[in-house]
Amino acid sequence: MTIKNKVSLLSIMGLIPFIFLSFGAWFIPFNLPYEALCLPFFLYALMINSFLSGNLWSYNLDQKISPIIPIIFFFLPLTLFFVMTIITYNSSQLGPILGLSAVLAFISSFLGIYLYELKNKKHEAYYSLLRRRLTTVVVICHLSWAAFFIRIIST
């Protein structure tokens, strides 16, 4: 198996938790709280966000470029989630509002990392296409959660 095939296979396998956890929320049995799926989804998203921003951080250091942008991408989801926790502390819809804010923070971070890479790193053609497809699927999975939380908030 070539490196190209290994990278593609591992990358696609990395999408499986995103897909199952995000679209599984729409089929949760009534006796199971949605947190049973959203917390693992957010933890996995945080892990992948840390991996991607860490790769950029290392790349920037290797290229003797300031690592501030990857550091911002690393802290963006945590910071926005913390700010929304403070703002909505007394809200009756705290859980869904925090979930929606986390989704928006992750979308911002994943898109930011992708666009930053697109502008600053040269990849082989297959990998550039793969990254675009992976980012698109990850954003769609997050948008599924956004729609889920908006539905809860609006009821």
Side-chain angles (χ1 to χ4, degrees), residues 1-25 34-89 91 94-150 153:
M1 184 178 268
T2 66
I3 293 292
K4 176 182 169 182
N5 291 340
K6 287 178 185 176
V7 167
S8 296
L9 177 65
L10 291 172
S11 297
I12 291 168
M13 287 176 55
L15 288 177
I16 293 170
F18 278 120
I19 293 168
F20 281 125
L21 292 169
S22 64
F23 293 103
Y34 69 85
E35 291 88 354
L37 289 179
C38 101
L39 291 178
F41 178 83
F42 288 143
L43 289 173
Y44 187 71
L46 188 60
M47 181 178 70
I48 297 300
N49 184 73
S50 297
F51 173 76
L52 292 173
S53 60
N55 281 339
L56 277 182
W57 190 339
S58 173
Y59 175 81
N60 281 13
L61 290 176
D62 189 49
Q63 298 297 313
K64 303 201 181 342
I65 302 170
S66 171
I68 192 69
I69 300 297
I71 292 170
I72 290 170
F73 290 136
F74 176 80
F75 284 108
L76 180 65
L78 297 171
T79 303
L80 186 56
F81 185 75
F82 178 72
V83 168
M84 287 305 295
T85 301
I86 292 170
I87 292 171
T88 62
Y89 180 71
S91 172
L94 181 61
I97 290 172
L98 289 177
L100 185 58
S101 69
V103 164
L104 297 176
F106 278 119
I107 289 173
S108 300
S109 188
F110 284 124
L111 284 176
I113 289 169
Y114 173 73
L115 293 172
Y116 184 81
E117 274 189 17
L118 191 64
K119 180 182 176 200
N120 295 301
K121 289 179 81 174
K122 298 293 181 208
H123 294 296
E124 292 184 38
Y126 88 92
Y127 188 74
S128 295
L129 179 62
L130 179 66
R131 276 291 282 129
R132 184 174 69 231
R133 289 177 177 167
L134 293 169
T135 301
T136 300
V137 171
V138 168
V139 168
I140 289 169
C141 290
H142 281 79
L143 290 172
S144 174
W145 274 106
F148 181 82
F149 289 125
I150 289 170
I153 292 167

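These figures come from a predicted structure and were not determined experimentally. Numbers here simply count residues along the sequence, with the first being 1.
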Colleague: Starting from the C-alpha separation in whole Å, work towards a yes-or-no answer on side chain to side chain donor-acceptor pair (under 3.5 Å) for Thr136 and Arg132.
Modeller: CA-CA 6 Å; Thr136 300; Arg132 184 174 69 231; 5.8 Å; no

Colleague: Determine whether Leu56 and Ile69 make a side-chain contact, defined as any pair of heavy atoms from C-beta on separated by less than 4.5 Å.
Modeller: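 No; the side chains remain at least 4.5 Å from each other.
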
Colleague: To check you understand the geometry: which heavy-atom pair defines the closest contact between Ser66 and Asn60, and what is its length?
Modeller: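 What the structure gives for the nearest pair is O-ND2, 3.1 Å.
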
Colleague: Taking the side chain as every heavy atom from C-beta outward, state whether Cys141 and Ile19 have any pair of such atoms under 4.5 Å apart.
Modeller: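 Contact flag for Cys141/Ile19 side chains = yes.
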
Colleague: Please check if the side chain of Ser109 supplies one atom and the backbone of Ala105 the other of a donor-acceptor pair under 3.5 Å.
Modeller: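 Such a contact is absent between Ser109 side chain and Ala105 backbone.
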
Colleague: Considering all heavy atoms of both residues, which atom of Ser101 and which atom of Leu80 are nearest to each other, and what is their separation?
Modeller: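 Residues Ser101 and Leu80, closest heavy atoms: O-CD2, 3.7 Å.
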
Colleague: For the residue pair Phe106 and His142, categorise the inter-ring angle as parallel (less than 30°), tilted (30 to 60°) or perpendicular (more than 60°).
Modeller: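 The arrangement is tilted - the two ring planes meet at 30° to 60°.
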
Colleague: Got a second to check how far Phe74's CZ is from Phe51's CZ, nearest 0.5 Å?
Modeller: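 Separation between the atoms: 13.5 Å.
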
Colleague: If you take all heavy atoms of Pro67 and Trp57, which pair is closest and at what distance?
Modeller: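 Residues Pro67 and Trp57, closest heavy atoms: CB-CD1, 3.4 Å.
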
Colleague: Which heavy atom in Leu76 sits nearest to a heavy atom in Ser108, and how many Å separate them?
Modeller: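 Closest approach of Leu76 to Ser108: CD2-CB, 3.7 Å.
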
Colleague: Considering only heavy atoms from C-beta outward, does the side chain of Phe42 approach that of Pro77 to under 4.5 Å?
Modeller: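 No; the side chains remain at least 4.5 Å from each other.
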
Colleague: Do the non-hydrogen side-chain atoms of Met1 and Leu9 ever get within less than 4.5 Å of each other?
Modeller: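 Yes. Closest side-chain heavy atoms under 4.5 Å.
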
Colleague: Can you see which heavy atom on Arg131 is nearest to which on Tyr114, and at what distance?
Modeller: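 The answer is NH2-CA, 3.8 Å.
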
Colleague: Can you check whether Asn5's main-chain N or O pairs, donor with acceptor, with Tyr126's side chain at less than 3.5 Å?
Modeller: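 Flag not set: sc Tyr126 to bb Asn5 has no pair under 3.5 Å.
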
Colleague: Can you classify the ring geometry of Phe110 versus Phe18 as parallel (below 30°), tilted (30 to 60°) or perpendicular (above 60°)?
Modeller: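 Taking Phe18 first and then Phe110, their aromatic rings stand perpendicular (interplane angle over 60°).
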
Colleague: Does any pair with a residue in residues 6-22 pass side chain to side chain donor-acceptor pair (under 3.5 Å), and if so which ones, sequence neighbours excluded?
Modeller: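 Every candidate side chain to side chain donor-acceptor pair (under 3.5 Å) pair involving residues 6-22 fails, so no pair, neighbours aside, qualifies.
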
